[in-house]
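Read the structure below first, then the notes.
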Amino acid sequence: MSSIVKLFVISPDTRSERRLDLHTTIEQLKAKLELITGIPVQNQKLSLHNSEDDPQIVAQLDDDTKQLGYYSVRDFQTLKVIDTNPSTSFTGQLSDVSQVEKFEISDDVYAQRTDSVLAYKQRHKVGRFAPPSAEPTPAEPTVNIPIGSRCEVESTEPGLHKRGTVRFVGQTSFSTGLWVGVEFDEPMGKNDGSVQGVQYFTCRPNYGVFTRPAKIAVGDFPVEEINFDDEEI
């Protein structure tokens with residue numbers, strides 16, 4: 001049976017996972033913990049907990065002559081190291097930044113500095129100081145796909161006509177660019193007119209689909225009846 005146990009050691013300024021020998025006496029353990037936590041041996045108060053968030057103390061390791069194994073220590077329990085006299089060891093002050101004097105500078109003084117990020121951006125024309133682009137941003141292409149018009153959606157299956165009615169044309173939150181929402185005549189779609197919780201139009205489940213304008217043909221497309229002969233199931 002292994003004499004090594006893995007414990008989480010926490011103090012006001014530290015938190016770490018340590019491998020400790022169960023044969024180590026509490027006095028020897030405190031000497032090791034001083035190097036880890038910075039808390040002097042004479043100021044240490046050790047308590048064992050099942051987890052870091054568990055306030056219940058499993059054991060108080062207060063007998064320096066006992067070995068660690070005496071307290072039935074198990075892997076991944078938490079050993080809390082309390083400083084009984086933090087005024088002498090500055091415990092907790094290393095992680096407390098509330099008392100640290102903050103350096104502040106006014107906007108006007110900062111703008112006059114030559115070694116700042118602002119000065120660098122101005123010199124190299126980066127970010128908001130960059131010159132306007134010579135090429136205008138291309139405008140979103142316009143399409144002539146009226147809402148309510150009959151259409152046919154491009155299909156990769158030979159002989160399959162995916163026909164329906166245009167119910168939506170515009171921008172969406174699920175992807176950039178222009179999208180066309182179609183209500184199919186048959187349940188060949190993927191949704192009910194909604195995507196990711198946003199309702200763009202309303203139709204029956206599996207009758208709705210969103211596709212790019214290039215895959216849409218608008219025209220006089222009558223509803224096509226789909227008949228199955230005796231050989232098809």
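Here the structure is a predicted model, which is why all the values come from computation and not from measurement. Values below: every heavy atom of this structure, side chains too, minus hydrogens, waters and symmetry copies.
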State whether the number of non-hydrogen atoms from other residues, nucleotides or ligands found under 6.0 Å of [X] atom [atom1] is greater than 12.
X	atom1	result
Asp75	CG	yes
Gln56	CD	no
Glu27	CD	no
Phe76	CZ	yes
Lys80	NZ	yes
Tyr70	OH	no
Asp220	CG	no

Taking side chain as C-beta onward, heavy atoms only, is [X] less than 4.5 Å from [Y]?
X	Y	value
Leu79	Leu29	yes
Val58	Asn50	yes
Thr78	Asp54	no
Leu68	Asp21	no
Leu7	Gln77	yes
Ile4	Lys6	no

Just how far is it from atom [atom1] of [X] to atom [atom2] of [Y], taken to the nearest 0.5 Å?
X	Y	atom1	atom2	result
Ile26	Asp63	CD1	CG	8.0 Å
Glu152	His161	CD	NE2	5.0 Å
Lys45	Thr84	NZ	OG1	8.5 Å
Leu118	Arg113	CG	CZ	11.5 Å
Lys162	Lys215	NZ	NZ	9.0 Å
Glu183	Arg204	CD	CZ	6.5 Å

Which residues end up grouped with Ile57 if you chain together Ile, Leu, Val, Met, Phe, Trp and Tyr wherever their side-chain heavy atoms are less than 4.5 Å apart?
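Members alongside Ile57: none; it stands by itself.
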
Within one Ile-Leu-Val-Met-Phe-Trp-Tyr cluster: [X] and [Y], side-chain cutoff 4.5 Å:
X	Y	answer
Val209	Ile145	yes
Met188	Val166	yes
Ile82	Ile36	no
Val41	Leu33	no

For the residue pair [X] and [Y], what are the closest heavy atoms and their distance?
X	Y	answer
Glu154	Ala214	OE1-O, 4.4 Å
Ile39	Ser11	CD1-CB, 4.2 Å
Val195	Asn191	CG2-ND2, 4.0 Å
Val182	Cys151	CG1-SG, 3.8 Å
Phe184	Val153	CE2-CG2, 3.7 Å
Tyr207	Glu186	CE2-C, 3.5 Å

Going through the checks in order, is the side-chain contact (heavy atoms from CB on, under 4.5 Å) test met by Ile147 and Val169?
CA-CA 7 Å; Ile147 302 293; Val169 179; 3.8 Å; yes

What do you reckon, are the aromatic ring centroids of Tyr200 and Trp179 less than 6.0 Å apart?
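Aromatic pair excluded; centres sit 6.0 Å or further apart.
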
Quick one: does [X]'s side chain have a donor or acceptor within less than 3.5 Å of a partner on [Y]'s backbone?
X	Y	result
Gln60	Leu46	yes
Gln196	Phe174	no
Arg150	Phe221	yes
Arg212	Leu178	yes
Arg167	Thr202	no
Arg123	Thr114	yes

Check the orientation of Phe201 and Phe210. Use parallel for under 30°, tilted for 30 to 60°, and perpendicular for over 60°.
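Rings of Phe201 and Phe210: tilted, 30 to 60°.
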
Is a side-chain donor-acceptor pair under 3.5 Å present for Ser194 with Asp192?
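Their side chains do contain a donor-acceptor pair, which is all the 3.5 Å distance test asks for.
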
For Pro146, which residues count as a side-chain contact (heavy atoms from CB on, under 4.5 Å) partner, sequence neighbours excluded?
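With sequence neighbours excluded, Pro146 shows a side-chain contact (heavy atoms from CB on, under 4.5 Å) to Asn144, Ser149, given in chain and number order.
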
Determine, stepwise, if the pair Leu61 / Leu48 fulfils side-chain contact (heavy atoms from CB on, under 4.5 Å).
CA-CA 7 Å; Leu61 283 61; Leu48 187 66; 3.9 Å; yes

Cation-pi check, Arg15 to Phe8: give yes when NZ or CZ is under 6.0 Å from the six-membered ring centre and within 45° of the ring axis, no otherwise.
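So Arg15 does make the cation-pi contact.
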
